[in-house]
Amino acid sequence: MFFEKNHNFVPCKVSKQMMMEDLLIDYTVKAIEVIYKQVISKDTVAIQRTRKDFEGDFTLVVFPFTKISRKSPEQTAEDIGHYLKSILKEIYSYNVVKGFLNISIKHRVWVQFLKDISTKEDYGYATNNSTSPIVIEYSSPNTNKPLHLGHIRNNLLGWSIAEILKANGKKVVKVNLVNDRGIHICKSMLAWQLFGNEEEPTENLKGDKLVGKYYVAFDKAYKEEIKSLINKGLTEEEAAKKAPLIIKAQELLLKWEAGDAETIALWKKMNNWVYAGFDLTYKKLGIDFDKTYYESETYLLGKKLVEEGLKNKVYAKKEDGSVWADLTTDGLDEKLLLRSDGTSVYMTQDIGTAQLRYDDYQAEKLIYVVGNEQNYHFDVLKLVLKKLGREWANNIFHLSYGMVELPEGKMKSREGTVVDADDLIKEMIDVAKKKGEELGKAEGLNNEESELLFKQIGLAALKYFILKVDPKKNMMFNPEESIDFNGNTGPFIQYTYARIQSIFRKAKENNIHLVEFPNDTAINDKEKEILLLLYEYPKIIKEAGETYSPALIANYVYELAKEYNQFYHDHPIIKEEFGNVRSLRLVLSEKTGKVIKSAMHLLGIEVPEQM
RNA sequence: GGCCCUAUAGUUCAACGGAUAGAACGGAAGUUUCCUAAACUUUAAAUUCAGGUUCGAUUCCUGGUGGGGCUACCA
């Protein structure tokens with residue numbers, strides 16, 4: 001708002017410099033044609049950013065053309081460089097290093113570029129270009145245990161990718177799939193009945209924690225029963241099957257499937273506790289969904305579809321009554337689809353869920369954000385659906401992300417090495433508060449404001465730490481060391497943003513106004529570096545969307561913040577004497593702030609005005 | 001056993017087949033009369049091994065070794 005009054009820039013169209021690389025590619029093709037009389041395809045032309053140690057903005061790699069030119073790489077680069085400079089008025093100069101043609105663009109082009117984007121509020125975002133939506137599933141919790149660190153990665157990835165796809169002009173539907181039925185739920189229910197004394201959730205014990213507690217209690221009691229049975233002479237396997245608790249749990253599952261009123265009532269009561277608990281965690285994380293599916297509502301459809309497959313003879317029933325899909329011709333094994341007692345398995349439910357989801361949205365793509373341990377499951381799911389003639393199974397995309405590992409190895413709930421989501425979030429915020437207060441970051445803020453600030457900072461540290469890693473890769477989380485607020489972290493980027501906002505506050509206090517600066521206003525190396533980074537933002541969003549990778553956004557925004565901090569350190573902004581230069585730096589700062597905020601939003605990270 | 005993923009500074013992460021492999025943390029040394037020092041500057045430090053394809057390989061292929069996962073009438 002500070003700028004709007006004084007701004008009088010030419011409205012932005014997609015101007016030439018927005019397509020600088022395309023331009024260079026086109027004219028390189030032309031150059032080869034004119035100089036060497038040979039037509040080449042565009043995708044043999046590689047344009048990249050010039051490395052920092054060399055002079056130039058863009059670099060053309062000419063090695064591939066030496067066969068055509070029959071000249072040395074240097075001479076070929078020289079030929080093409082000479083042609084390009086003579087025909088493209090945007091080019092200021094070029095230089096040749098080995099087979100690399102480094103091209104410098106005129107500064108005025110970059111200044112005009114800054115003006116072009118300065119008035120664009122949604123800079124970097126693509127316009128709406130989809131009709132049918134992309135459905136993205138993430139989180140997918142079980143109702144017998146609380147959310148943990150693995151879910152956090154899943155949730156952050158899912159939410160961020162949904163935002164990135166929206167920024168790419170896609171319609172997106174965010175869905176959750178809750179596994180709310182099965183033997184594991186019955187275990188919690190049974191334990192609560194036996195040992196619970198009607199315990200209900202309290203402020204200190206959220207519903208999901210309460211139910212999780214009884215799941216653990218079941219496991220403990222069950223193990224003791226097994227032990228005593230083994231002492232009585234049974235084998236471990238027999239004991240595991242004959243322990244009274246497991247038999248009771250199985251009975252409870254049968255009652256549930258039969259619709260027994262009392263069982264259903266208890267199930268509903270306990271699940272609702274869990275949902276209330278999950279909601280609190282999602283809210284704290286800033287995660288939401290457009291729709292929630294429950295497996296209790298999809299498994300029957302799954303069963304029906306298995307029956308359909310049986311009728312069409314694409315699945316087969318064995319003597320004991322169990323139903324299987326034979327995938328051996330596809331290089332996989334046989335897969336169980338219905339147990340011999342007719343009850344459904346995980347795959348059965350997923351078949352039903354997929355069908356329901358497809359019917360609901362006719363999605364152009366169905367994305368499942370699920371850990372890479374389930375790669376095989378999704379290979380099977382797609383095949384099993386295709387055997388049913390569901391061609392849309394080709395649109396299923398398993399976004400397979402890597403595990404979060406702890407220094408002591410994989411998280412295992414039974415060994416108590418799980419990092420609880422609520423605990424971790426609280427820990428991050430507490431540390432942010434402690435360090436923030438030491439540094440006096442909350443000065444001038446009231447209680448409510450400083451609480452919000454430390455929450456933003458703690459969450460930024462957590463979210464950025466997780467999202468900056470390539471989703472496909474396993475990652476290490478060390479609770480002792482991973483909580484950091486300096487360097488390549490979320491808070492560092494937030495700090496950069498806050499500094500920029502502080503400049504505007506100061507500018508206003510000092511009554512500094514913008515003037516319209518001419519295109520030949522001088523820019524220094526740092527400014528140009530920032531401009532080139534801003535220029536790349538739309539490409540980064542596009543690439544992040546194509547590869548479903550928030551990490552690209554994270555690494556980009558860090559780079560931008562780092563460059564800006566260097567610029568800020570080396571050059572005065574509001575203290576710059578010359579009005580043209582000062583105005584340019586203010587506009588550059590403002591736009592950098594906006595892109596930081598925009599990129600951080602794509603990661604689900606808020607930026608404070610002051611810190 | 002079979003199948004899949006993975007290997008980069010002490011540590012955690014980057015690098016469409018392109019130049020001298022980038023950062024951060026940690027280590028060493030510096031920068032506050034100057035728009036916020038959660039910042040900035042300098043410095044030491046890495047591609048698991050053996051082959052192959054290529055003008056060029058951290059990247060692609062083959063093999064070895066290390067790590068992880070899947071291979072349930074669990075989810």
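Numbered from 1 within each chain, the chains take letters A, B, ... in sequence-line order. Computed over heavy atoms, backbone and side chain alike; hydrogens, waters and symmetry mates excluded.
- Checking A:P64 against A:H377, the closest nucleotide of RNA chain B that is more toward the 5' end is the one next to A:P64.
- Counting all heavy atoms, side chain and backbone alike, A:V211 lies closest to A:T143 at CG1-O, 3.5 Å.
- Note: A:I466 CD1 to A:S482 OG = 9.0 Å, rounded to the nearest 0.5 Å.
- Following rounding to the nearest Å, A:R49 (CZ) and B:rA14 (P) show an atom-to-atom distance of 21 Å.
- Applying the side-chain contact (heavy atoms from CB on, under 4.5 Å) test between A:L337 and each of A:V306, A:V345, A:V380, A:L310 identifies A:V306 as the sole match.
- When the salt bridge (Lys or Arg N to Asp or Glu O under 4.0 Å) test is applied to A:R339, no partner is found at least two apart in sequence or on another chain.
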Q | Under 4.0 Å protein heavy-atom contacts per nucleotide of nucleotides 26-38 of chain B, with B for base, S for backbone only and - for none | A | --------SBBSB
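- Going from the C1' atom of B:rA57 to that of B:rU48 covers 16 Å, rounded to whole Å.
- For A:R49 and A:E559, the salt-bridge test fails: no basic side-chain N is under 4.0 Å from an acidic carboxylate O.
- Comparing the same atom, P, in B:rU36 and in B:rA46 gives a spacing of 40 Å after rounding to whole Å.
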What does the list of N/O pairs under 3.5 Å between the protein and nucleotides 42-44 of chain B look like, with a distance for each?
none

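- Comparing A:V469 and A:M403 along RNA chain B, the residue whose closest nucleotide (by nearest heavy atom) sits nearer the 5' end is A:V469.
- Between the CZ atom of A:R181 and the P atom of B:rC74 there is a distance of 12 Å, rounded to whole Å.
- A donor and an acceptor atom never sit less than 3.5 Å apart when one is taken from the side chain of A:T496 and the other from the base of B:rA39.
- Applying the side chain to side chain contact (heavy atoms under 4.5 Å, CB included) rule to A:H571 yields the partners A:N524, A:K526, A:F567, A:R585; only residues at least two apart in sequence or on another chain are considered.
- Across B:rU8 and B:rA21, the matching C1' atoms stand 8 Å from one another, rounded to whole Å.
- In this structure, A:N144 reaches neither bases nor backbone, as no heavy-atom distance under 4.0 Å exists between it and the strands shown.
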Q.
For A:L439 and A:F485: C-alpha separation, side-chain torsions, deciding distance, then whether side-chain contact (heavy atoms from CB on, under 4.5 Å) applies.
A. CA-CA 12 Å; A:L439 291 166; A:F485 300 88; over 6 Å; no
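- A donor-acceptor contact under 3.5 angstrom links the side chains of A:S296 and A:D180, judged on distance only.
- Distances from the side chain of A:K468 to the nucleotides B:rA19, B:rC13, B:rG68 place B:rC13 closest.
- Across the protein-nucleic acid pair, A:N102 atom CG and B:rA19 atom P stand 12 Å apart, rounded to whole Å.
- Rounding to whole angstrom units, CE of residue A:M476 and P of B:rG68 are separated by 11 Å.
- Here the two rings, on A:F63 and A:F100, have centers that are under 6.0 Å apart.
- Residue contacts shown for A:D379 are absent, as no nucleic acid heavy atom lies under 4.0 Å away.
- For A:E297, the side chain to side chain contact (heavy atoms under 4.5 Å, CB included) partners at least two apart in sequence or on another chain are A:Y294.
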Check nucleotides 20-23 of chain B against the protein and report each pair of N or O atoms closer than 3.5 Å, with its distance, or say if there are none.
unit_1	atom_1	unit_2	atom_2	d
B:rU20	OP1	A:K98	NZ	3.3
B:rA23	O2'	A:Y558	OH	3.0

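- Distance noted for atom P between B:rC60 and B:rU6: 8 Å (whole Å).
- Taking the centre and axis of the six-membered ring of A:Y299, the NZ or CZ atom of A:R181 falls inside the cone set by 45° and 6.0 Å.
- Applying the side chain to side chain contact (heavy atoms under 4.5 Å, CB included) criterion to A:D79, with sequence neighbours excluded, gives A:I35, A:Y36, A:K71, A:Q75.
- Across all strands, A:E543 comes closer than 4.0 Å to no nucleic acid atom at all (heavy-atom distances).
- For A:Q566 and B:rU41, the shortest distance from a side-chain N or O to OP1 or OP2 is below 4.0 Å.
- Atom OH of A:Y497 is separated from atom P of B:rA39 by 19 Å (rounded to the nearest Å).
- A:Y376 comes within 4.0 angstrom of the backbone, heavy atoms only, and of no base.
- Taking the six-membered ring where tryptophan is involved, the planes of A:H377 and A:Y346 are essentially parallel, since the angle between them stays under 30° and well short of 60°.
- Between the CZ atom of A:R70 and the C1' atom of B:rC55 there is a distance of 16 Å, rounded to whole Å.
- Rounded to the nearest Å, the gap between the C1' atom of B:rG17 and that of B:rC4 is 25 Å.
- Residue contacts shown for A:T489 are absent, as no nucleic acid heavy atom lies under 4.0 Å away.
- For the residue pair A:T489/A:D484, the side-chain donor-acceptor check at 3.5 Å is not satisfied.
- One N or O on the side chain of A:Y535 and one on the backbone of A:M20 form a donor-acceptor pair closer than 3.5 Å.
- RNA chain B lies under 4.0 Å from at least one heavy atom of each of the following residues of residues 335-350 of chain A: A:L336, A:R339, A:S340, A:V345, A:Y346.
- Counting only heavy atoms from C-beta outward, the side chains of A:N271 and A:I185 approach each other to under 4.5 Å.
- Taking atom NE2 of A:H398 as the reference point, atom P of B:rC70 lies 12 Å away to the nearest angstrom.
- The salt bridge (Lys or Arg N to Asp or Glu O under 4.0 Å) search around A:E427 returns none, not counting sequence neighbours.
- Take A:K455 and apply the salt bridge (Lys or Arg N to Asp or Glu O under 4.0 Å) test, not counting sequence neighbours, and it matches no residue.
- Atom C1' of B:rG18 sits at a distance of 35 Å from the matching atom of B:rC3, rounded to the whole Å.
- Heavy atoms of A:D333 sit under 4.0 angstrom from primed sugar atoms or phosphate atoms, though from no base atom.
- Among the protein residues, A:Q494 comes within range of no part of the nucleic acid, since none of its heavy atoms lies under 4.0 Å from any strand.
- A gap of 16 Å separates the P atoms of B:rG67 and B:rU12, to the nearest Å.
- Base pairing in RNA chain B gives the following stems of 3 or more Watson-Crick or G-U pairs, range against range and under 3.5 Å: B:1-7 with B:65-71, B:10-13 with B:22-25, B:27-31 with B:39-43, B:48-52 with B:60-64.
- Between the side chains of A:T50 and A:D57, no donor-acceptor pair is found at a separation under 3.5 Å.
- By the 30° and 60° cut-offs, the orientation of the rings of A:H398 relative to A:F378 is parallel.
- The nearest whole Å value for the distance from the CD1 atom in A:I540 to the P atom in B:rC16 is 11 Å.
- Between A:L338 and A:T348 the shortest side-chain heavy-atom distance falls below 4.5 Å.
- B:rG63 sits 16 Å from B:rA7 when the C1' atoms are compared, rounded to a whole Å.
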Measure all distances between protein nitrogen or oxygen atoms and nitrogen or oxygen atoms of nucleotides 1-7 of chain B, and list the pairs falling under 3.5 Å.
none

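- B:rU32 takes the syn form, because its glycosidic angle lies no more than 90° either side of 0.
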